[in-house]
Amino acid sequence: MNGLHLNDVLDRNRPAEPEALRRGAEELRLAIIDLIDGAGLGHYSSTFSIAELLTVLYRRTMRLKQGDPAWPDRDRFLLGKGHAAVGLWPLLAELDYFPADWLSDFGKLGAPLTDHPNMRTTPGVDFSSGSLGHNLSVGIGMALAARLQKRDYRTFVILGDGELHEGQVWEAAMAASHFKLGNLVAIVDANGSCATGSTSSVMNIEPVAGRFAAFGWAASDIDGHDIAAIIKAFDTLPDPGMSVPTCIVARTLKGKGVSFMEETPRKWHLGFLGSEDRARAPRRKSGKGSEHGGSGRRFFIHRGRG
Amino acid sequence: MNGLHLNDVLDRNRPAEPEALRRGAEELRLAIIDLIDGAGLGHYSSTFSIAELLTVLYRRTMRLKQGDPAWPDRDRFLLGKGHAAVGLWPLLAELDYFPADWLSDFGKLGAPLTDHPNMRTTPGVDFSSGSLGHNLSVGIGMALAARLQKRDYRTFVILGDGELHEGQVWEAAMAASHFKLGNLVAIVDANGSCATGSTSSVMNIEPVAGRFAAFGWAASDIDGHDIAAIIKAFDTLPDPGMSVPTCIVARTLKGKGVSFMEETPRKWHLGFLGSEDRARAPRRKSGKGSEHGGSGRRFFIHRGRG
Amino acid sequence: MGEAVDVFSFTAGEAEVDGGESIGAALAKLGDERPDIVVVAPDLSGAPIAAIFAARHPERVFDCGIAECNAMSVAAGLAASGYIPFVLQMGAFSALKCAEQIRTDMAYTQLPVRILSAWSGLTMAYFGTSHHAVEDIAITRAIAGLTVVAPSDPHSALALLRSTLDHPGPVFFRIASGDEPRLYKGIPSVARGQFLRLHEGRDATIIATGLAIHWAFAAASMLEGEGIQIGVLDAVYLKPLDEAAILEAAWETGRILTVEEHNVAGGLGTAVADVLARNGAGAKLSVHGLPDEHLLVARPAELHAHYGLTPEGIVEKIRTLLEAR
Amino acid sequence: MGEAVDVFSFTAGEAEVDGGESIGAALAKLGDERPDIVVVAPDLSGAPIAAIFAARHPERVFDCGIAECNAMSVAAGLAASGYIPFVLQMGAFSALKCAEQIRTDMAYTQLPVRILSAWSGLTMAYFGTSHHAVEDIAITRAIAGLTVVAPSDPHSALALLRSTLDHPGPVFFRIASGDEPRLYKGIPSVARGQFLRLHEGRDATIIATGLAIHWAFAAASMLEGEGIQIGVLDAVYLKPLDEAAILEAAWETGRILTVEEHNVAGGLGTAVADVLARNGAGAKLSVHGLPDEHLLVARPAELHAHYGLTPEGIVEKIRTLLEAR
Ligand SMILES: Cc1ncc(C[n+]2csc(CCOP(=O)(O)OP(=O)(O)O)c2C)c(N)n1
Ligand SMILES: Cc1ncc(C[n+]2csc(CCOP(=O)(O)OP(=O)(O)O)c2C)c(N)n1
Ligand SMILES: [Mg+2]
Ligand SMILES: [Mg+2]
């Protein structure tokens, strides 16, 4: 896929072009639409907000080994907001962590690729998630392990902004700075929305960077859809041997890339594209299209009548 | 006791003299020694660090009604660090919330006065505690109730500094400012020690006021043994109708008042005074003295051999 | 309609169900009558069960964000101040995540909090094991002073909601999706600690709870055509448990099958076994539910079929039970 | 010695017990042998079980402060990175407070975390209901993929510690105070899912766990003087449960008494009842433990006496059981 061979080590901050990464993020969105079409259900808007972040991480920033998801020196990646797992699958397939044809079984009974990440079924998933609020703690365990093993891998954790409501995140935030984990990087997907409404109107989390800073982190905001800004933030991470964990607050749009999702991101927290929606959404040329009729379904808010 | 009659309303910020309050705190410590002597076990050092805070709250600051622990307009008091309950019992007895002779049964099988506060057995306990980290959340419920009922009572919550490790405290801290609870006052007993060691060496919590401020509170430090400073902080609390919760970080000494406890507060987290210790500790003239021999026992650290 | 709809449709609260009330509508109506009812809903104030109430009484709804434990203790504080809080929780994150808050802040203190634990069992199974709520009967039944009920349709939900309203201690409602099809014609009258009888039996008795009672009832109807008479008891109360009904079933039909969307270790089946064994009732017991192992992840209907949690699966279990010895 | 000492003495880890090893000493020794063992201890790194290890291997001990849930998930992260973490927790704040972290981060993921849940049952009962750990058997047994063991003395603790060391999934150790008097002369050999037999029986069998096995053994000795032969089984494995031993006891002695420091709803008694009823074993069962109600608060010894959790109380239960029918 990416012109790489099995067991090639993919170095950190490899020279991927910003423009190629930008296109990669767009392709990822299209692949996500295809995957959810196949499964008949999925989390569009939560995944679209991190498309650029995931693309830069997997295609440029993280040290990985093609085809070897268990390589001990790989950088670790944890998806605290596990409901965006569908965004991982195309990237992990590209790394030859599993056969690409697994993608077509996404969401099926007994299939390895599931709606939330499961480390026991999907090679390349460093930890399972689904319950919000656990994975920053798990990341601390991995970062402590790196130090014990004198390895210099980094552990990246993407958290939802609503996920910051969970107290365990703050237990972990406290512990990460206490343990001086310069090898831990938290990325908050500040897409402004949780399930019920705008994150801060449901339960205020601002100032996000200010809160992490008070908990002992080096924290700053970036535009989470600006490839150049993401590259700059990741390229200039402190050495993993340093003693302050880094928090990057990525300001994003929930539903980014699909106009009607950007407008009503909550409706697209969970659903699938119905026929009318599909006509309006961007499509891959090769996209098989959904076999499902009907309009988008929303889990928490209300069920459409159509 | 305090020259008051049943059903007298005790106004907020009543004119209790600083010197009398200072003496009151000392008397409270002596009463605590007596109570623990009677029970044969108790939390000295955690209670001694809040003697001044409790004394000013109950003898000056809180609006209460003599003999009526369920008066709807009373200010509420929650002891997040429930293991300091023994410090409450003399103060609640003084308010005629229960007969003074209950004190002599403290800690006995079936007695209403227990090592941790139990709202179902002790009139005047606004909520039970024992598991650290819950009571700030409970206080939010009470503060929300005040607003719904259009009552202007305040809810005070004393938290241990180790208790701040619990994530639920930060869930509550987030919610209190979000709900604009100007009628909620958190007092952190920053005595510098949790069970295993110094609070911040076990798990750093500093800057405490800075963390609360980042979570939307008006927060500041005071000397928690300086009666004048405590009075000033409590007398100048914002009106309960205001929209920002207040956090007072009281810098205290764990074991304050007993030299050998101040020196090794952890050893006195839980224990009882043995004969040698008793000779060194301050005593009430009327103190009955313990029937227990032996030296102090420490729960978490190690058991003495003597 | 796409097939996704079965999985997540959750209309309770949004609409009248079959001309009757939904849980959400009922809660809102209770809220009209009783100013002491408040709702706490961690990032769920827009969910149907809470939404009608929220629209009518916004000042009495407190969303606490995605902080389930805080929501529980806040509710306890409200209850200690004279309110009857209904805390809406997702099944996977209620008993399992907040057991300590339930035990310590509600049960120990005996406060009238009501936990609406919705999307329990496999309702959200598609999302992975993290979203399975198949341990909650075991957890809640072990907490002294907690009442545990499990409505099986909107009508029994209403009956339980209303009849427990003034119970002095906490009540845990184990709700599946909340928009199960109607099972009871009218609002059944429920009494504390009693099962509801749906079908008279002679050859065996099925005791089922929640969604499972629908399959059980269908199974009994299927068997009736063959002349096999199966009693069906809806375990709407899980604690206190209807010991008298269990023993009577043991006595009268000699064979009992329990069915539930819960781990067979520690659920309704175990609770029934407990009653039988302690009372020396010699009935034959078969326990049907989710195996005590890592469950597959898929849509609920697929998993129900896979694990035999269907009328057909139950018929098969009954046949085996009838053949035993 | 003041009487307070009985309540809280907790020497495990501090010293050799009866010339044998304590849990803390054993853990430290394992740590010497195995560099992959780490300790996580929320504000408990100075507690005896952790302290010797901490003195010898400070770089492998992570105190997480009073944040039990975080400690659990941090341990899971360490386990996913090749370590065998031992998480020391207080009984009241382990299964009850962290059930979701156990289920989701350890059991779902099948990671080799060991939870040392100490001060369980009524060990800390003096501190109030918040410190009672009497729901943990019910909670842990309902979690698929979790192994649950309950050492009853330092020797069985060692046996369990060592024999489970390389088990691929998570293991929950239900430990009372950790310095119970010695019950086993040497280190017993334990096999996964099997009880230990302490006494041969004919008239009835007592199945007890943790502290209760001490009283059970004393009761059996008392009854032996009267010519009554009571089998005694130490339920060191609570999950998987020793179904074969239970059924054999039912078959051979016809009468079973279970004893535990746990709510009688959902504990060992319920688990044994479950096995009996599902297997149609007609044995008479009596379940002895803490009543399913608000417990008194006092020192453990006072509560044990109050609730009949003593050799004498057990003798009485056995007499009633022997008289039955
Ligand atoms: C502990 C827990 N509570 C509730 C949920 C249900 N849930 C899934 S996604 C979601 C909203 C998450 O918001 P956010 O973290 O901002 O993620 P986003 O969807 O915006 O990416 C909720 C409440 C969950 N998965 N885990
Ligand atoms: C949830 C919970 N975990 C652990 C404990 C055990 N415990 C009792 S007191 C204590 C230390 C508390 O430290 P701090 O909050 O600073 O209070 P202090 O004793 O200094 O007043 C601990 C860990 C508890 N009561 N609750
Ligand atoms: Mg968000
Ligand atoms: Mg302290």
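The interface of residues 248-262 of chain D with chain C, defined by heavy-atom distances below 4.5 Å, is empty.
Each of C/L285, C/I137, C/T129 has some count of heavy-atom pairs under 4.5 Å with chain D, and the biggest count is that of C/T129. Ranked by heavy-atom pairs shorter than 4.5 Å toward chain D, the options C/A95, C/A99, C/A283, C/G269 are led by C/A99. Of all the listed residues (D/V272, D/I139, D/T270, D/T104), the one sharing the greatest number of non-hydrogen pairs under 4.5 Å with chain C is D/T270. Comparing D/A273, D/A271, D/G128 by heavy-atom pairs within less than 4.5 Å of chain C, the highest count is held by D/A273. Contact count versus chain C (heavy atoms, under 4.5 Å) is highest, among D/G266, D/G145, D/G280, D/A144, for D/A144.
No side-chain donor-acceptor contact under 3.5 Å links C/H131 to the backbone of C/T123.
Partners of D/R103 by side chain to side chain donor-acceptor pair (under 3.5 Å), not counting sequence neighbours, listed by chain and number: C/E135. For D/S73, the side chain to side chain donor-acceptor pair (under 3.5 Å) partners at least two apart in sequence or on another chain are A/Q168, D/D105.
Side chains of C/R174 and C/S94: no donor on one and acceptor on the other come within 3.5 Å.
In this structure, the side chains of D/Q89 and D/W119 stay at 4.5 Å or more apart for every pair of heavy atoms. Looking at C/Y307 and C/L296, their side chains come closer than 4.5 Å, going by heavy atoms from C-beta outward.
Contacts classified as salt bridge (Lys or Arg N to Asp or Glu O under 4.0 Å) and involving residues 267-285 of chain C (residues at least two apart or in different chains) are given here: C/D274-C/R278.
Of the atoms belonging to C/V264, heavy atoms from both backbone and side chain fall under 4.5 Å from chain D. The contact between C/D292 and chain D is made by backbone and side chain atoms together, counting heavy-atom distances below 4.5 Å. Using a 4.5 Å cut-off between heavy atoms, C/S130 contacts chain D through both its backbone and its side chain.
Here the closest non-hydrogen pair linking D/V87 and D/A75 is CG2-CB, 3.4 Å. Residues C/K239 and C/I143 approach most closely at NZ-O, 3.0 Å, considering heavy atoms. Heavy-atom minimum distance, C/A92 versus C/A133: N-CB, 3.6 Å.
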